[in-house]
Protein chains: 2
Amino acid sequence: MLSKKTQYAFRALTHLVENYNKGPVLISEISKKKKIPLKFLENILLELKKAGILESKKGKGGGYFLKSHPSKTHVANVIRVVDGPISMLPCVSLYFYERCKNCDERYCGLHDVMEKVRDATLNILEKRTLQDLVV
Amino acid sequence: MLSKKTQYAFRALTHLVENYNKGPVLISEISKKKKIPLKFLENILLELKKAGILESKKGKGGGYFLKSHPSKTHVANVIRVVDGPISMLPCVSLYFYERCKNCDERYCGLHDVMEKVRDATLNILEKRTLQDLVV
DNA sequence: ATTAAAACCTACTGCTTTGGTAGGGTTTTT
DNA sequence: AAAAACCCTACCAAAGCAGTAGGTTTTAAT
C-alpha cells in the first residue's frame, strides 16, 4: 500500500498540473484546496523539489510549480521519491536492490514470480505521467 | 514490500511442497531447515492453517502439511492471509476495499492507474501457485 | 493410566515507521 | 518591510513489525 504521504504528494501534484503555466502556487493554497496538513505538505513539496520534480520561487509572489511538463514526470518516479521501493521483494528491486539471505536468487521461485510482478507494474507506472492523473 | 513474515511463510510453504505426501512435518524441522525463528514460525503456520491453506496433526507423530495439492494454492492467497492487501490503494482493493476521502473515484486519475496495476499484478499472482515456487 | 511430544493459544515486549504538530529562525524577492 | 519559501529541531501518539514467553490441549506410545 502507498503511504498517506505519497497519496498527499499525488494530490498536491495534481493541483500543480491543473495550474501548470500559471505561475507559482502557494503551499497554503494547495493545503487548503486539497485538504493536506500544511506543515506536512511543506516537507513533501521540499522532497519533491530536491528530487527534481518541482521548482520553487522564494519571496512575495513565490510558490511551487512543476519543473517539467506534466507528461515528463512518471508516476513511478514520484512513488520512489516519497515511499521508496515499488517491488515486492528487495532482491528484485531495480533502485533499492538488496540481496536476500537464505535464498539463492538463481533457484528461488518466489524471486522469479516477483520479478514478473515488478515488470508488469513498472510497465504501467513508468509510462503513466502526472498528466494522466487529471484526465 | 512484503513483510518478513510473508517471506518466512513462503519459505515454510516451499518446504512443505518439497515434502508433499510424506506425512506431517514438524515445526522444528521447518524452523531448522529454513532458518526461521521457531516461535514466530509457529504463529505463521497457525495463521495459514486457519486460512485453510495448511492442515495439522497434534501429538506425537504430528506436524503440518498442505491441505491441498501445491498447484491449488495461489501466491496471491498467501499474501492476502499474512500481509493483507496487494493493491497500492485501498480504493482499488478487491478484498480490502475502503473508500478514499477527498477523492471521487469516478474522476480520480490515480485510481485508474492503480486499478491497472492491480489487474496486472493479480494476473500473475493469482495464476502462480506454490508449485511454481520449487521449480 | 501415564508420559512425552507436539500443536495450540494468549499475551507481551521492544523497535521502527507513520502521520503528524509546534515553533522557531534564515533567506530571497517584491 | 512584508511575504514567502526554506530549513531545522524536537516532540508526540498510534500503529505495525519482528519476535519472545509461557502455559494449555490433544494425541500416541508405553
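In this text, all values refer to a predicted model and were calculated from it rather than measured experimentally. Below, read A as the first sequence line, B as the second, and so on, with proteins coming before strands; counting in each chain starts at 1.
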Undergrad: Applying salt bridge (charged side-chain N to carboxylate O under 4.0 Å, His left out) as the test, list every pair that has at least one member in residues 85-98 of chain B; sequence neighbours left out.
TA: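 Residue pairs passing salt bridge (charged side-chain N to carboxylate O under 4.0 Å, His left out), neighbours aside: none found.
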
Undergrad: We want to know whether A:S28 and A:S31 form a side-chain donor-acceptor pair, criterion being a heavy-atom distance below 3.5 angstrom.
TA: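 Side-chain D/A pair, A:S28 to A:S31: absent.
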
Undergrad: Rounding to an integer number of Å, can you tell me how far B:E47 CD sits from C:dC8 P?
TA: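 Nearest whole value for this atom pair: 13 Å.
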
Undergrad: Within the side chain of B:T14, is there an N or O that forms a donor-acceptor pair under 3.5 Å with the backbone of B:F10?
TA: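 Checking the backbone N and O of B:F10 against the side chain of B:T14, a donor-acceptor pair under 3.5 Å is found.
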
Undergrad: Round to the nearest Å and state the distance from B:I44 atom CD1 to D:dA18 atom C1'.
TA: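 These atoms are roughly 9 Å apart.
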
Undergrad: DNA chain D: A:L46 or A:G62, which has the more 5' nearest nucleotide?
TA: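 This one resolves to A:G62.
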
Undergrad: Using whole Å, what does the distance between atom P of nucleotide D:dA4 and atom CD1 of A:I30 come to?
TA: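 Interatomic distance, CD1 of A:I30 to P of D:dA4: 13 Å.
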
Undergrad: Could you tell me whether the side chain of A:R118 reaches within less than 4.5 Å of the side chain of A:I86, counting heavy atoms only?
TA: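 They are not in side-chain contact.
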
Undergrad: Phosphate oxygens OP1/OP2 of C:dG20: is one of them under 4.0 Å from a side-chain N or O of A:Y8?
TA: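 It does, given that an N or O in the side chain of A:Y8 lies less than 4.0 Å from OP1 or OP2 of C:dG20.
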
Undergrad: Could you tell me whether the side chain of B:N77 and the main chain of B:T73 form a donor-acceptor pair under 3.5 Å?
TA: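 Not at all, since once roles are kept as given, no pair shorter than 3.5 Å links the two residues.
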
Undergrad: Any residue in residues 17-29 of chain A with a heavy atom nearer than 4.0 angstrom to DNA chain D? Just list them by number, or reply none.
TA: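 Here the set is A:L26, A:I27.
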
Undergrad: Assess whether a salt bridge exists between B:K39 and B:E42, defined as any Lys/Arg side-chain N lying under 4.0 Å from an Asp/Glu carboxylate O.
TA: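 Yes, charged N to carboxylate O under 4.0 Å.
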
Undergrad: Taking CG from B:L45 and C1' from D:dG19, how many angstroms apart are they, rounded to a whole number?
TA: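 These atoms are roughly 15 Å apart.
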
Undergrad: Measure the distance from CE on A:M1 to C1' on C:dT18 and round it to the nearest whole Å.
TA: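 In whole Å, C:dT18 C1' and A:M1 CE are 15 Å from each other.
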
Undergrad: May I have the step-by-step check of side chain to side chain contact (heavy atoms under 4.5 Å, CB included) for B:I27 and B:I30, ending in yes or no?
TA: CA-CA 5 Å; B:I27 300 179; B:I30 303 174; 5.7 Å; no

Undergrad: Nearest whole angstrom, please: distance from the C1' of C:dA5 to the OH of B:Y64.
TA: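 Checked: the OH to C1' distance equals 14 Å.
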
Undergrad: Just compare D:dA18, C:dC8, C:dC9 and give me whichever is closest to any side-chain atom of B:K50.
TA: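 Per side-chain heavy atoms of B:K50, the pick is C:dC9.
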
Undergrad: Sugar-phosphate atoms are those with a prime plus P, OP1 and OP2; base atoms are the rest. Using that split, label each nucleotide of nucleotides 20-30 of chain D B, S or - for protein heavy atoms under 4.0 Å, 5' to 3'.
TA: BBB---BBS--

Undergrad: In whole angstrom, give the distance that lies between atom CZ of A:F65 and atom P of D:dA4.
TA: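 Answer to the nearest Å: 15 Å.
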
Undergrad: When you check the gap from the basic side-chain N to the acidic O, do B:E18 and B:K33 get nearer than 4.0 Å?
TA: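 Salt bridge flag = no for B:K33 with B:E18.
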
Undergrad: Report the distance from atom CD1 of A:I36 to atom P of C:dG19, rounded to the nearest whole Å.
TA: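 Rounding to the nearest Å, CD1 of A:I36 and P of C:dG19 are 13 Å apart.
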
Undergrad: Taking NZ, NE, NH1 and NH2 as the nitrogens, is one of them in B:R80 or B:E126 under 4.0 Å from a carboxylate oxygen of the other?
TA: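 Looking at B:R80 and B:E126, the cut-off is met.
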
